[in-house]
Amino acid sequence: MLEAQIARVEKYNGQIKTDTRDLLDNPLTWNGKVNAITAERFAAARSEARAAEERYKNGTNRPLEGITVGVKCDLRVPGWRNDNATIVMKDVPPATEKDTVVQRLIDAGAIPVFQTTAPELFISSMTWSNLYGVTRNPWNEKYGAGGSSGGSGAALAAGFCTIATGSDMGGSIRIPSAMNGVYGFKPPFSRIPCDDEMPYVVYGPMTRTFDDLVLMQNIISGPSPEVFTSLPKVEMPAKYDSLKGAKIAVMYLDKYNEASIDDDVRTSMDGVVSALRSLGAQVDIVESSWRVNDENLKVYINGLIGGSMALTLDSMRDMDQEQFTPYLRDIFKVADNTGNAGKAAATMLAAELNSDVQQRVFTKGYTALIMPTMMTPHVLADVDSSDDTRVVLNGRKVPSSIMNCATMYWNVLYTYPVVDVPVAVSSRNVPMGVQVVGNTYDDVAAFRVASALSKTLKQNFSEGRFPDFRMEK
């Protein structure tokens with residue numbers, strides 16, 4: 001398996017930019033292939049794979065024995081740099097220690113094979129940077145792989161690895177999971193130990209199958225003595241109760257932004273509703289008052305950077321901003337460094353959103369809430385804030401790419417578990433997903449509904465539904 005995956009990397013990924021960390025002159029056209037990898041350790045992985053074979057032979061294999069894992073560049077693996085895809089950190093020394101999530105994967109037998117790409121400072125819904133260029137969608141390379149865990153999503157879809165790590169502070173697991181046709185889980189804050197200790201930020205698993213999502217989640221979750229906020233472990237079952245008689249709420253989010261939703265997304269949502277009803281669930285379409293606009297986006301951004309990111313951004317304010325990506329420059333414009341006032345505004349927004357979703361959904365006995373991940377999956381790989389590369393939805397240009405994603409509010413509401421489930425492939429051959437949201441800390445409820453969908457809807461990576469690395473509009 002490892003050799004077959006390395007062969008796919010060599011065929012489809014393009015150059016791995018390990019030896020030079022200079023800025024790219026033209027990052028948007030630097031690499032016409034998938035470009036999901038920043039660094040590799042193939043030689044060490046081959047040695048570890050041989051050791052895994054011996055464990056299988058003598059019966060001492062562990063739950064993830066020999067399974068390859070792509071590691072997002074925000075987790076420490078000895079020998080790899082955590083440069084966050086930014087010039088400010090491009091010469092940071094290689095890591096010498098492992099983060100808790102990485103250590104747990106290795107202890108379970110997994111083999112870290114490569115580090116995956118992310119946008120600069122993880123703050124874009126698509127993945128490209130001046131250090132590593134554009135990460136493209138293996139299903140259709142014209143379009144993006146999502147962000148900020150776009151490298152992990154693209155590597156999974158391309159068949160470069162079997163499982164991957166992601167992190168999520170505004171949709172960074174769910175967006176690339178949806179766009180690459182894989183499963184992803186944004187757990188409640190600190191269900192999986194996160195050294196960042198900032199409530200919006202969580203680590204989570206990304207996989208091609210639902211069963212692998214369960215397995216990976218059970219291995220990396222649970223308290224850590226090094227992270228004082230870590231939550232108790234909740235073991236995800238291998239099998240779940242039928243949805244017969246269960247109440248499921250569905251929000252189409254037609255009015256989430258001014259351009260509504262793509263016809264392909266609407267059709268995919270219709271398919272989810274039909275699938276749930278075929279299982280005997282009571283499915284109700286629930287109206288939503290949720291909107292995304294410049295004001296709420298600013299509240300979210302200032303709430304987010306009120307944590308540890310504030311120090312990094314403050315250190316960069318006086319630098320030549322022309323060397324940064326356009327989306328990072330946009331953050332400098334929006335982030336007003338309001339400190340406690342920014343945190344207070346974000347807390348008020350969270351209270352309003354929580355009251356709304358509780359009144360409309362969970363106090364009425366619904367097991368879970370389902371909504372689209374993105375208003376349209378048709379986002380160009382080189383999307384940024386320039387007028388000619390903005391997201392176009394129903395003939396209208398969306399002011400910000402994050403406004404195309406129905407994800408960031410579940411980071412403000414950081415106690416809710418959200419499983420992203422692949423549900424269909426669009427007319428332009430780009431996958432689409434839905435968010436399955438459980439009530440606060442009710443991870444099992446979200447997994448129960450996701451499991452039912454995984455057994456009912458046509459699955460990617462089987463029955464002829466594979467990425468074909470096309471490049472077309």
Side-chain ion pair, Glu10 and Lys33, N-O less than 4.0 Å: no

Approximate separation, where rounding is to 0.5 Å, of Ser129 OG and Tyr327 OH: 5.5 Å

Report the C-alpha separation of Tyr409 and Trp290 in whole Å, then their side-chain angles, then the decisive distance to 0.1 Å, and conclude whether the ring-ring contact (aromatic ring centres under 6.0 Å, His included) test is met. CA-CA 9 Å; Tyr409 287 147; Trp290 288 18; 5.5 Å; yes

How close do Ala108 and Arg62 get, heavy atom to heavy atom, and via which atoms? O-CB, 3.2 Å

Under 3.5 Å, is there a donor-acceptor pair between the Arg470 and Asn137 side chains? no

Report, as yes or no, whether the 6.0 Å neighbourhood of atom CG on Asp318 holds more than 12 heavy atoms from other residues, nucleotides or ligands. no

Please determine whether a side-chain nitrogen of the Lys or Arg among Glu472 and Arg428 lies less than 4.0 Å from a carboxylate oxygen of the Asp or Glu. no

For the rings on Trp139 and Phe461, is their centre-to-centre separation under 6.0 Å? yes

Walk me through it: do Asp83 and Lys90 pass the test salt bridge (charged side-chain N to carboxylate O under 4.0 Å, His left out)? CA-CA 5 Å; Asp83 58 31; Lys90 74 182 185 71; over 6 Å; no

Between Glu258 and Arg396, does at least one N-O distance fall below 4.0 Å, as a salt bridge requires? yes

Can you tell me how far CD1 of Ile123 sits from CG of Leu304, rounded to the nearest 0.5 angstrom? 9.0 Å

Over all atoms of both residues, closest heavy-atom pair of Leu313 and Phe332: O-CE2, 3.5 Å

Given Val430, Asn404, Ile175, the one that forms side-chain contact (heavy atoms from CB on, under 4.5 Å) with Val379: Asn404

What's the shortest heavy-atom distance between Val202 and Pro187, and which atoms? CG1-O, 3.7 Å

